[in-house]
Amino acid sequence: MGYDVGVVVNAINEVDENIWLGDYKKAKEIANRNLAGIEKDVEIYQSQDFARDLRRIIRESKKGTRERKIEDVDSWITERIVERMKEAERKPIDNLVGILIIHLTSLRDMLDFLIESRGQKTLENSRENGTVREEILRIGEKCRFTIQSLPDRWEVRAILDEPVKQWNLNELKSRLPDFGLSAAEASKNRLSGTLEIFSQELYADILVQEKQMEFSVRSVKKENTEERIRKLVETLTIFLVT
Amino acid sequence: MSSQFIVDLFLYQRVIHLQGMTTNQTKQEAKNIASNLSTSTLHRSFYVNPRLLEYYNTQFSEKQVKRIDENFYDYSLGTRFRLNVPVPRPPRRLRYLIQKSFSGDVSGDIGEALFAYFLVHEMQISRFLIGHTRPEKKRGFLSPDFIICASSPNLTSFLQKPVLPLPILGEVKGFTGSIDAGRIYHALLQLRRLILNQSLVGLLFLAMRNEARHGYDAYVVRVES
């Protein structure tokens with residue numbers, strides 16, 4: 001079976017990334033698209049049965065080893081695994097592909113449930129418990145982001161549509177005084193970095209990694225604070241990615 | 001700003017070949033690794049940004065321990081915490097998106113986050129090509145902790161192997177106290193079952209707290225069939 005394991009690993013990570021953002025619809029879309037491709041190839045799709053089969057063999061092999069007077073249980077189980085692979089004409093990599101497909105399918109099923117249950121929640125519920133994200137917002141054609149209001153801070157998460165060549169943390173740092181903000185020393189390498197910014201009323205730590213950004217903002221809560229934070233995030237993002 | 005901590009990265013002196021090894025031989029190999037770690041070659045030292053480590057903790061670690069950047073001192077001492085799990089069970093045939101179990105010890109958590117940090121920052125491997133499969137292992141599947149679907153010049157140079165067959169399988173063990181050969185044996189056994197007689201490469205990543213330097217020592221053992 002000549003299947004690129006990286007394709008399904010990448011798909012799982014993309015789904016996870018969108019769950020992290022709170023964009024369940026996009027996450028489900030990615031899961032469905034990838035699973036549709038996998039389902040077309042019967043041999044690849046059935047590798048999940050093989051993974052489940054190996055799990056069953058390992059579980060069954062662990063039982064009754066004393067009655068069978070097996071001294072070296074670990075080797076005995078390994079032999080059962082090898083035997084099953086030969087019988088099924090499968091390789092260790094097929095088991096790994098199967099496990100990853102099971103994982104992706106499981107994510108999709110849970111996303112179905114979450115989308116449905118989220119639809120039953122009122123905005124009041126979500127504001128009360130502070131666990132459900134606000135709507136998915138956009139900054140031009142550059143990225144999607146969400147703002148979550150927690151008791152002690154605002155958590156802003158964003159995903160870029162396209163990966164950046166370089167995060168402009170230093171450019172951002174130089175522009176901060178225009179907004180009455182200062183920055184601590186930035187820590188940065190090729191595709192990731194962190195920056196702490198502050199003023200008399202606000203503290204935020206910013207983390208960037210490949211396509212993701214995370215802003216954790218602490219500020220005295222006033223009537224218009226969330227709106228101010230939203231505008232600040234939009235402005236800072238533009239400096240970071242252009 | 002969160003202060004950074006140092007990690008000394010070592011490559012274990014020998015490649016471990018598992019094919020044909022009996023259980024006793026594997027156990028002996030685990031003991032050899034535990035007692036000979038000090039003879040490993042120091043590859044380099046690097047500073048870890050705890051804020052980024054926390055990012056990999058949320059992305060890749062199996063155990064749900066939050067804010068290892070803010071609580072690094074306590075966590076590094078091995079302080080035990082209770083896992084905050086949702087009270088209601090998920091609906092039938094469904095499971096929570098993050099299915100994590102937790103013994104109370106955070107060393108494994110730091111180990112897994114540190115392994116992801118090592119791969120992305122030191123070996124320059126894309127985060128999107130690193131699969132975290134430890135939750136599947138906990139569900140009884142024959143699975144490694146990590147499946148790495150890309151190589152890099154940094155990784156081939158570090159492992160002293162010009163071509164690395166993909167995927168690479170990763171097993172991670174974290175230690176806050178003394179090193180435990182029994183846990184190394186379990187990691188080797190898992191890799192033995194996963195690699196069998198195939199031309200796959202396994203990485204055994206051992207993260208040990210270095211009390212004197214207020215950091216971690218990371219040992220990488222290359223495992224083949």
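Within every chain, numbering begins at 1; the chains are lettered A, B, ... in the order of the sequence lines, protein sequences first and strands thereafter.
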Residue [X] versus chain A: region with a heavy atom under 4.5 Å:
| X | result |
| --- | --- |
| L189(B) | side chain |
| S126(B) | both |
| I148(B) | neither |

To the closest 0.5 Å, what do you measure between [atom1] ([X]) and [atom2] ([Y])?
| X | Y | atom1 | atom2 | value |
| --- | --- | --- | --- | --- |
| L142(B) | R84(A) | CG | CZ | 13.5 Å |
| S75(A) | Q25(B) | OG | CD | 9.0 Å |
| L100(A) | S143(B) | CG | OG | 7.5 Å |
| L194(B) | T78(A) | CG | OG1 | 10.0 Å |
| L196(B) | K86(A) | CG | NZ | 10.0 Å |
| R193(B) | M85(A) | CZ | CE | 11.0 Å |

Heavy-atom pairs under 4.5 Å with chain A, option from A150(B), G131(B), P144(B), G140(B) with the top count: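 Answer, by heavy-atom pair count under 4.5 Å with chain A: G140(B).
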Does a side-chain heavy-atom distance below 4.5 Å link [X] with [Y]?
| X | Y | answer |
| --- | --- | --- |
| I93(A) | Q198(B) | no |
| S192(A) | V120(B) | no |
| E54(B) | L207(A) | no |
| I102(A) | R139(B) | yes |
| T133(B) | V9(A) | no |
| R51(B) | E196(A) | no |

Where N13(A) and F60(B) come nearest, the two heavy atoms and their spacing: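 The answer is OD1-CE2, 4.4 Å.
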Heavy-atom closest pair, residues P92(A) and I195(B):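 Heavy-atom minimum between the residues: CG-O, 4.0 Å.
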Quick one: what part of [X] sits under 4.5 Å from any heavy atom of chain B, side chain, backbone, both or neither?
| X | result |
| --- | --- |
| I12(A) | neither |
| R52(A) | both |
| D72(A) | side chain |

Over 12 non-hydrogen atoms of neighbours within 6.0 angstrom of CD in E87(A):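 Result for CD/E87(A): enclosed.
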Please report the C-alpha distance between I99(A) and I147(B) in whole Å, then the side-chain angles of each, then the deciding distance to 0.1 Å, and finally whether the side chain to side chain contact (heavy atoms under 4.5 Å, CB included) criterion is met. CA-CA 11 Å; I99(A) 290 167; I147(B) 298 176; over 6 Å; no
E136(B) bridged to R55(A) by N-O distance under 4.0 Å: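 Result for this pair is no, no salt bridge flagged.
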Apply side-chain hydrogen bond (donor to acceptor under 3.5 Å, both in side chains) to residues T194(A) and N49(B) and explain how you reach the verdict. CA-CA 9 Å; T194(A) 60; N49(B) 178 336; 2.9 Å; yes
Top contributor to chain B interface from I77(A), I58(A), V7(A) [non-hydrogen pairs under 4.5 Å]: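 Most heavy-atom pairs within the cutoff with chain B belong to I77(A).
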